Amino acid sequence: MPELPEVETVVRGLASRMTGRRIARLDLHRADLRWPIPRGLRRKAEGRRIEAVRRRAKYILIHLEDGGVLLLHLGMSGRLTIVNAEDRTPPELHDHVVFTLDDGTRIRFNDQRRFGVLDYLRAEALEKHPLLRELGPEPLDPGFTGERLAAALTGKRTPLKAALLDQQIVAGLGNIYVSEVLYHAGLSPRRLARTVTLERARRLVLAIREVLERAIAAGGSSLRNYVQASGELGYFQHQWAVYGREGEPCPGCDCGGGIRRIVQSNRSTFYCVKRQR
DNA sequence: ACGAGAACCTGTTTGC
DNA sequence: TGCAAACAGGTTCTCG
């Protein structure tokens with residue numbers, strides 16, 4: 001599930017509970033997720049005060065007082081759950097990592113498929129980290145403009161859908177929000193990226209901002225302080241226009257089109273053939 | 001260098 | 001009912 005809006009919601013929830021606290025304990029229940037968890041991570045984290053929790057693309061960055069940074073990625077199935085100090089609920093299957101804060105709060109990192117990541121780096125080397133180095137612009141930053149997107153798409157022979165999933169072109173969109181954004185921009189997912197010139201790129205940038213901001217707002221408003229009663233972070237009711245709606249009528253207008261599902265690079269895309277060109 | 005597809009893992013749903 | 005195939009919201013790696 002986790003695309004940019006979900007990760008942003010998770011980061012806000014984590015920040016409210018972690019900032020200023022110390023990591024009293026870090027329990028690693030296995031030695032790897034997608035990749036090995038660095039040796040010595042526990043020693044580098046335990047006892048340190050948390051200065052800030054930030055997001056870059058779909059990565060969660062937990063900044064420690066000494067300049068260390070914990071980098072988390074939720075992959076396909078990762079979820080974070082906040083467990084209050086007095087809650088004695090035992091660990092669940094696939095709870096691979098558990099943070100315990102100095103006030104007794106626990107944060108469980110559960111990841112069934114283990115495509116997630118836990119790494120450690122130094123703040124001064126953030127830009128050089130192999131996972132962060134190649135990332136494209138943040139879609140909600142003012143620097144992400146139609147001009148910049150058009151330039152990034154120039155000459156690309158790949159379908160627009162695949163280009164927008166490419167984190168080097170814009171960082172944070174995933175399979176669901178790409179379908180949503182293309183619907184709102186009125187552009188076909190099958191259109192070649194290189195045919196997106198300035199006017200269309202501007203439309204796309206507006207659609208990207210609108211869809212992401214609305215999703216973040218929905219996350220914030222439907223969770224009490226971004227934490228569900230269960231303690232789970234980042235899960236909220238979405239109102240998707242096209243994703244998962246194969247066969248339903250086009251929701252946004254009376255064009256009479258139906259939502260079709262196609263497969264592009266082995267992943268589902270949903271769109272309205274009539275409205276999106 | 002680019003783009004398509006496989007691979008990484010586990011679990012659930014779908015279709016014969 | 002049972003079993004295999006398809007599918008799931010991400011990213012990297014390999015190959016042509």
Side-chain angles (χ1 to χ4, degrees), chain A residues 1-11 29-37 55-60 71-80 92-97 109-119 129-136 139 151-183 189-196 208 211-212 214-216 218-219 222 232-247 260-271:
Chain A
M1 62 98 20
E3 301 184 35
L4 186 150
E6 291 77 25
V7 178
E8 178 63 26
T9 303
V10 166
V11 162
H29 296 148
R30 54 177 301 135
D32 58 67
L33 295 173
R34 179 181 191 127
W35 294 298
I37 294 168
R55 178 186 62 74
R56 169 70 172 118
K58 299 171 194 167
Y59 293 92
I60 299 164
L71 176 150
L72 282 72
H73 193 289
L74 300 176
M76 291 277 265
S77 57
R79 37 200 85 199
L80 290 166
E92 289 170 17
L93 188 64
H94 307 306
D95 275 353
H96 305 308
V97 177
F109 184 0
N110 184 291
D111 185 9
Q112 167 193 119
R113 292 175 74 181
R114 268 185 281 125
F115 293 157
V117 176
L118 173 58
D119 201 3
H129 191 280
L131 296 174
L132 305 179
R133 180 170 66 192
E134 316 268 331
L135 289 172
L153 297 176
T154 304
K156 289 220 155 279
R157 292 163 187 280
T158 196
L160 185 50
K161 156 81 186 297
L164 293 178
L165 275 180
D166 181 345
Q167 303 295 297
Q168 299 191 32
I169 288 176
V170 54
L173 296 179
N175 201 46
I176 290 179
Y177 288 106
V178 167
S179 277
E180 293 297 305
V181 158
L182 287 169
Y183 175 77
R190 313 169 72 151
R191 167 188 285 281
L192 290 191
R194 62 174 175 179
T195 67
V196 176
I208 289 170
V211 167
L212 294 181
R214 210 185 312 142
I216 291 169
S222 66
E232 234 172 61
L233 286 166
Y235 289 74
F236 43 89
Q237 296 303 313
H238 298 273
Q239 46 274 325
W240 294 315
V242 290
Y243 188 85
R245 296 187 181 278
E246 183 179 20
R260 187 177 293 178
R261 171 184 177 271
I262 59 172
V263 175
Q264 296 178 291
S265 34
N266 284 317
R267 313 197 66 189
S268 295
T269 305
F270 297 87
Y271 75 115

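Please read these numbers as outputs of a predicted model, since none were measured by experiment. Letters A, B, ... mirror the listed sequences (proteins, then strands); counts begin at 1.
Here C:dT11 presents its P atom at 9 Å from CG of A:Leu165, a figure rounded to the nearest Å. Atoms CD (A:Glu92) and C1' (B:dG11) sit 15 Å apart, rounded to a whole Å. Put simply, CH2 on A:Trp240 is 12 Å from P on C:dA8, counting in whole angstrom units. Atom CG in A:Leu164 sits about 13 Å away from atom P in C:dG10, given to the nearest Å. The separation between A:Arg114 atom CZ and B:dT10 atom C1' is 8 Å, rounded to whole Å. A straight line from CD of A:Glu3 to P of C:dT11 spans 9 Å, rounded to a whole angstrom. As rounded to whole Å, 6 Å separates atom P of C:dC13 from atom CH2 of A:Trp35. Between the P atom of C:dT12 and the CG atom of A:Leu135 lies a distance of 8 Å, rounded to the nearest Å.
As rounded to the nearest Å, C:dT1 and B:dT10 have P atoms that lie 29 Å from one another. Taking the P atom of each, C:dA5 and B:dA6 are spaced 15 Å apart, rounded to whole Å. When the P atom is compared between B:dG11 and C:dT12, the two are found 24 Å apart, to the nearest whole Å.
Taking 4.0 angstrom as the limit, A:Lys156 places none of its side-chain polar atoms (N or O) nearer than this to OP1 or OP2 of B:dC2. When the side-chain nitrogen and oxygen atoms of A:Arg267 are compared with OP1 and OP2 of C:dG10, one or more of them lie within a distance under 4.0 Å. Regarding contacts with the backbone of C:dG10, every side-chain N or O of A:Gln167 stays at 4.0 angstrom or more from both OP1 and OP2.
Other residues, nucleotides and ligands contribute only 12 or fewer heavy atoms inside 6.0 Å of the CZ atom of A:Arg260. With a 6.0 Å radius and a threshold of 12 heavy atoms from other residues, nucleotides or ligands, A:Arg190 has its CZ atom at or below the threshold.
Set against B:dT10, B:dC8, B:dA6, the side chain of A:Asn266 has B:dA6 as its closest nucleotide. For A:Asn175, the side-chain atoms get nearest to C:dG10 when compared with the rest of C:dT12, C:dG10, B:dA4. Here the side chain of A:Thr158 is nearest to one of B:dG3, B:dC8, B:dG11, namely B:dG3. If you check C:dT11, C:dC7, B:dG3 against the side chain of A:Arg261, the one that comes closest is C:dC7. Looking at the side chain of A:Leu93, the nearest of the listed nucleotides C:dG10, B:dG3, B:dG11 is B:dG11. Comparing C:dA8, B:dG11, B:dA4 against the side chain of A:His94 picks out B:dG11 as the nearest.
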Checklist entry - Should A:His129 and A:Asp119 be marked as a side-chain hydrogen bond (donor to acceptor under 3.5 Å, both in side chains) after you check the CA-CA gap, both sets of side-chain angles, and the distance that decides it? => result CA-CA 10 Å; A:His129 191 280; A:Asp119 201 3; 2.9 Å; yes
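Stacking here means ring centres nearer than 5.5 Å and ring planes tilted less than 30 degrees, and by that measure A:Phe115 does not stack onto C:dT11.
Residues A:Gly174 and A:Val263 each lie close to DNA chain C; by heavy-atom proximity, the contact nearer the 5' end of the strand is made by A:Val263. Nearer to the 5' terminus of DNA chain B, by closest-nucleotide assignment, is the contact made by A:Ser265 (compared with the other of A:Arg30 and A:Ser265).
Each of A:Ile37, A:Asp32, A:Leu33, A:Asn110 was evaluated against A:His96; a single residue qualifies, A:Leu33, per the side-chain contact (heavy atoms from CB on, under 4.5 Å) test.
Judged by atom type and distance alone, A:Arg113 reaches the base of C:dA8 through a side-chain donor-acceptor pair under 3.5 Å.
For B:dG3, the paired nucleotide is C:dC15, the pair qualifying as Watson-Crick or G-U wobble because both relevant distances are below 3.5 Å.
At the heavy-atom level, A:Arg157 lies under 4.0 Å from the strands shown only through sugar-phosphate atoms. Residue-level contact check: A:Leu131 touches the backbone only, with heavy atoms under 4.0 Å from sugar-phosphate atoms and none from bases.
Under the 4.5 Å side-chain criterion, counting only non-hydrogen atoms from C-beta, A:Glu180 is in contact with A:Val211. For the pair A:Leu132 and A:Tyr59, the minimum side-chain heavy-atom distance is below 4.5 Å. At least one side-chain heavy atom of A:Arg191 sits less than 4.5 Å from a side-chain heavy atom of A:Val196.
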